[in-house]
Structures are given as structure tokens and as C-alpha cells.
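A quick write-up on the structure given underneath.
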Amino acid sequence: LTLPNIYIWLLGFYNMFQVFLNITSELLQFADRNFYDEWWNCTNLGEYWRLWNLPVHQFLVRHVYNPLLKRGFKKPIALYVVFFLSAVGHEYIVSGALGIVSYYAFLGMMIQAPIIYVQVKTEKIFGKSQLGNVVFWVSFCFIGQPTCFIIYYYLASHKN
């Protein structure tokens, strides 16, 4: 289940970020076409969330993170609020698409917050390495996403 899930996810990513958004940009004559950076080379989950969807990342930084900093919130609190809002948004999209009410996508994202903290502290001690990239691919792509897929498949197939 892991490999088909990754292939489907990568195909969806390619279709959305490389095909659809570039066609839309061409039609609307939108010059800035940087929709993602090299997320596949990231060494921690925080880096992944910053790189894989730049329009959403830039929106959240501009309209949530920076205003929170200007109002006197500390950086870790502002980051947590942005991550929380992103988790709520992901849950809304997944649950809405499947027509169910659940909390698993939200929970899956919120569990990543302390993991990101540990990864950042570990990188400060040991430096960035490809081991971090391997941990990302194994934990997020080979375990995390297929597990969520199975949970949501079960919920969708057993709804009333």
C-alpha cells in the first residue's frame, strides 16, 4: 500500500503544482510561478511544510505569522498557531472531500509539531544530513500517509 500511495500522491502533486497551476498562470499571465521548492530533499518535517506548498506557506506567513509577531507573540507561539490553523485546514479539506467528520488529519499534523521541535534541536547538535531526509521519507511518506489513507478509507467505507 505504501508504494501505490506514494505514486498517487506524487501524481496528484505533479498534476496540481506542475500542470494545473502553470496552465492557470499562463492563462492569467501570472509571472511568479514558484509554487514549490525541493521538498523531496528536506531533512526535517518543518522544512517539508515550508517547501511543498509555497502559495499557502507565503499566505500564512503574511497573514497569520507576521501579524502575530507584530502583536508581541513569541516566535514559537506564532509558529504553533500557524501550524494549528494549517492542521485545521487539512482536516477540513480531507473530511469535507470524504463527507465525514473526523480528527485524524488534524491529529496527524499536530503530532508532527513536537517531532519538528526535536528534529530542529537534533540538527543544531549534529548538523543537517541525509539521515534526516531518510527519516522524513520513512516516517512521513512510507508510514504516515499510508496510515492516514487506511484510516480515512475505513471511515469513508463505514459511514452511514
Side-chain angles (χ1 to χ4, degrees), residues 1-24 33-61 63-65 76-126 128-160:
L1 183 61
T2 298
L3 288 178
N5 180 66
I6 290 174
Y7 288 140
I8 291 169
W9 192 87
L10 288 174
L11 184 63
F13 175 84
Y14 176 79
N15 284 331
M16 178 66 176
F17 287 91
Q18 194 63 34
V19 177
F20 175 74
L21 289 177
N22 277 309
I23 289 172
T24 305
R33 297 191 184 168
N34 189 18
F35 302 116
Y36 60 91
D37 277 334
E38 295 180 356
W39 58 265
W40 48 89
N41 291 329
C42 67
T43 57
N44 64 52
L45 289 169
E47 193 175 358
Y48 166 78
W49 287 113
R50 286 188 300 275
L51 298 177
W52 92 275
N53 190 342
L54 289 180
V56 171
H57 171 71
Q58 291 165 352
F59 176 85
L60 289 172
V61 167
H63 298 289
V64 180
Y65 181 74
I77 300 297
L79 282 170
Y80 186 77
V81 169
V82 169
F83 207 73
F84 176 84
L85 291 175
S86 181
V88 169
H90 277 80
E91 183 62 54
Y92 179 76
I93 290 169
V94 172
S95 294
L98 296 174
I100 57 176
V101 178
S102 74
Y103 56 89
Y104 294 105
F106 173 81
L107 186 64
M109 279 194 67
M110 293 311 292
I111 287 172
Q112 292 176 36
I115 295 170
I116 291 170
Y117 177 79
V118 170
Q119 287 178 327
V120 168
K121 293 295 181 186
T122 305
E123 281 183 357
K124 286 182 180 177
I125 296 169
F126 299 109
K128 287 189 169 197
S129 71
Q130 284 307 107
L131 180 61
N133 186 256
V134 171
V135 169
F136 161 74
W137 276 97
V138 170
S139 66
F140 188 75
C141 298
F142 291 114
I143 296 171
Q145 287 184 349
T147 303
C148 285
F149 180 81
I150 290 169
I151 291 169
Y152 278 100
Y153 176 79
Y154 177 81
L155 291 173
S157 64
H158 288 86
K159 70 179 180 178
N160 295 335

* Structure fact -> Result for side chain to side chain contact (heavy atoms under 4.5 Å, CB included) between V19 and one of I23, N22, L21 points to I23
* Output the distance between atom NE2 (H57) and atom OH (Y65), rounded to the nearest 0.5 Å. => 9.5 Å
* Not counting sequence neighbours, list each pair that qualifies as a salt bridge (charged side-chain N to carboxylate O under 4.0 Å, His left out) and has a residue in residues 92-107. => none
* Asked: At what distance, to the nearest 0.5 angstrom, does OH of Y36 lie from CD of Q18?
  -> 3.5 Å
* Minimum heavy-atom separation for W40 to D37, with atom names? -> CZ3-O, 4.0 Å
* N/O donor-acceptor pair under 3.5 Å between Q119 side chain and L45 backbone -> yes
* Pairwise side-chain contact, Y80 with M110, heavy-atom cut-off 4.5 Å (strictly under) -> yes
* Please list, chain by chain and in numerical order, all residues satisfying side chain to side chain donor-acceptor pair (under 3.5 Å) with Q58, sequence neighbours excluded. => none
* Is the backbone N or O of T43 less than 3.5 Å from a side-chain atom of N133, with the two atoms forming a donor-acceptor pair by type? -> no
* To do: Could you tell me how the ring of Y48 sits relative to the ring of W9: parallel (under 30°), tilted (30 to 60°) or perpendicular (over 60°)?
  => tilted
* Pairwise ring-ring contact (aromatic ring centres under 6.0 Å, His included) hits with a residue in residues 84-103, at least two apart -> W49-H90, F84-F106
* Asked: Is any side-chain heavy atom of L155 closer than 4.5 Å to a side-chain heavy atom of K159?
  -> no
* To do: Any chance you could measure L10, atom CG, to N5, atom CG, to the nearest 0.5 Å?
  => 9.5 Å
* Structure fact -> Heavy atoms of S86 and M109 approach each other most closely as OG-CE, 3.5 Å
* Mind checking whether I116 and F83 have side chains closer than 4.5 Å, heavy atoms only? -> yes
* Asked: ring-ring contact (aromatic ring centres under 6.0 Å, His included) with Y154: which residues, sequence neighbours excluded?
  -> H158
* **pair V64-L85: side-chain heavy atoms closer than 4.5 Å** => yes
* Structure fact -> Smallest heavy-atom separation, N44 atom then G46 atom, equals OD1-N, 3.0 Å
Distance-only check: which donor-acceptor pairs under 3.5 Å involve side-chain atoms of residues 139-149, not counting sequence neighbours?
from: S139; atom 1: OG; to: V135; atom 2: O; distance (Å): 2.7
from: T147; atom 1: OG1; to: I143; atom 2: O; distance (Å): 2.6

* To do: For residues W39 and F13, establish whether the separation of their ring centroids is below 6.0 Å.
  => yes
* Donor-acceptor under 3.5 Å (Y152 side chain, A105 main chain) -> yes
* **Within residues 45-56 or reaching into it, pairs that qualify as salt bridge (charged side-chain N to carboxylate O under 4.0 Å, His left out) - sequence neighbours excluded** => E47-K128
* Structure fact -> To the nearest 0.5 Å, atom CZ of R33 lies from atom CG of L54 at 15.5 Å
